[in-house]
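Input: a single structure, listed below in structure tokens.
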Number of protein chains: 2
Amino acid sequence: MKRPVPISGLGHLRVVIDQDVYVGPGRADLLERIAGMGSISAAGKSMGMSYKRAWGLVQALNEGFGAPLVETVRGGTRQGGARLTDLGLAVLNHYRAMEAKTETAIAGDVEALRALKSDIAERK
Amino acid sequence: MKRPVPISGLGHLRVVIDQDVYVGPGRADLLERIAGMGSISAAGKSMGMSYKRAWGLVQALNEGFGAPLVETVRGGTRQGGARLTDLGLAVLNHYRAMEAKTETAIAGDVEALRALKSDIAERK
DNA sequence: CCGCGATATGTTTCGAAGAACATATCGGTA
DNA sequence: TACCGATATGTTCTTCGAAACATATCGCGG
């Protein structure tokens, strides 16, 4: 696998809740896609990962928090699926909020660093 | 290898300058220690990594920026050593600044998340 | 001119993380 | 009741990165 996908943003934020669990860009994206698609496997595939890997990440979150962020259903009318619990939604929303706040907070410094680098590139 | 840098902070920030280079907690710490100890190997050892690994990180930064963040000397009166260039110092300072800004920006949300989790823990 | 301490690199070994493959289970529907 | 799609989970195979080990170089000081 390759590096954490450097999305279009300025940085990657990993929020450490405690020793058992954290939330980073990948986990947040996965939660978001599960919420949107109603399926762990579909969400995982859309991010280029196997069902097993996606499922493992969900487990890590559920166990880490001590309560499910994702609820799953097997069988049933829609042949199973998954959706976010209130907790899962809360975690996702907090993460997105922190991401946004961070981006604004560091925008100036990032700009300065990028300027430093392009000065170097031009000079050569 | 064990993943999370157990810092005391709220989160880990990785700042993506561009596709070639980024600065994260580990690289920043390494730069700081090089500045303080005047040696790549000493700085690396103090962080529990091999000289080779430390040297590799320095290379990645130097190459990524297109100019050295760390200057090295072989032999000489002090039997070689390393120190930060102005660029290296600038990068380090910017990173620390961004770290601080981020911590203040997200403190509230982190607190909320931790509260959510301890509510769960108590309830069981 | 040899040794020391630090940088600079190559080679090999090892382990962990993920991918790939294989089942098992569930519970509706046809 | 056979089937389907999705969850759930175990096992094996690959791959990639780091660790470990091994040199080579540098340049002053003794």
Pair B:V58, B:L61 - check side chain to side chain contact (heavy atoms under 4.5 Å, CB included), show working. CA-CA 5 Å; B:V58 169; B:L61 284 169; 5.8 Å; no
Give the rounded distance in Å between these two atoms: CZ of B:R83 and P of C:dT7. 14 Å
Considering heavy-atom distances to DNA chain D, does A:G80 or B:T77 have its closest nucleotide positioned more toward the 5' end? A:G80
Has B:R27 got a side-chain atom pairing as donor or acceptor with B:Y22's backbone, closer than 3.5 angstrom? yes
Spacing of A:R78 atom CZ relative to D:dC3 atom C1', expressed in whole Å: 19 Å
OP1 or OP2 of C:dA8 versus the side-chain N and O atoms of B:T72: is any pair under 4.0 Å? yes
Let me know the distance between CE of A:M37 and C1' of D:dT7, rounded to the nearest Å. 17 Å
Just how far, in rounded Å, is C1' of D:dA8 from CD of A:E71? 16 Å
Which nucleotide in D:dA19, D:dA6, C:dT11 has an atom nearest any side-chain atom of B:S50: D:dA19
Same apolar cluster (I L V M F W Y, side chains within < 4.5 Å links), A:V73/A:W55: no
Solution key, residues 84-93 of chain B side-chain donor-acceptor pairs under 3.5 Å, sequence neighbours excluded:
| unit_1 | atom_1 | unit_2 | atom_2 | d |
| --- | --- | --- | --- | --- |
| B:T85 | OG1 | B:P68 | O | 2.8 |
| B:T85 | OG1 | B:L69 | O | 3.3 |
| B:T85 | OG1 | B:L87 | N | 3.3 |
| B:T85 | OG1 | B:G88 | N | 3.1 |
| B:N93 | ND2 | B:L89 | O | 3.2 |

Spacing between A:E63 atom CD and D:dA8 atom C1', to the nearest angstrom: 13 Å
Could you tell me how far apart B:K45 (NZ) and C:dG5 (P) are, to the nearest whole angstrom? 12 Å
D:dT7, C:dT7, C:dA19: which one has an atom nearest the side-chain heavy atoms of A:R53? C:dA19
The nucleotide from D:dA8, C:dA20, D:dA19 with an atom nearest the side chain of A:R74 is D:dA8
Short side-chain N/O contact from B:W55 to OP1 or OP2 of C:dA8, under 4.0 Å: yes
Could you check B:K52 against B:I40 and say which one's nearest nucleotide on DNA chain C is further toward the 5' end? B:I40
Could you give the CD1-to-C1' distance, from B:I34 to C:dA6, as a whole number of Å? 13 Å
In whole angstrom, what separates B:Y51's OH from D:dA22's P? 18 Å
Verdict with supporting geometry, B:I40 and B:Y51, side chain to side chain contact (heavy atoms under 4.5 Å, CB included): CA-CA 7 Å; B:I40 295 176; B:Y51 169 75; 3.7 Å; yes
By nearest nucleotide on DNA chain C, pick out whichever of B:G76 and A:Q79 is the more 5' one. B:G76
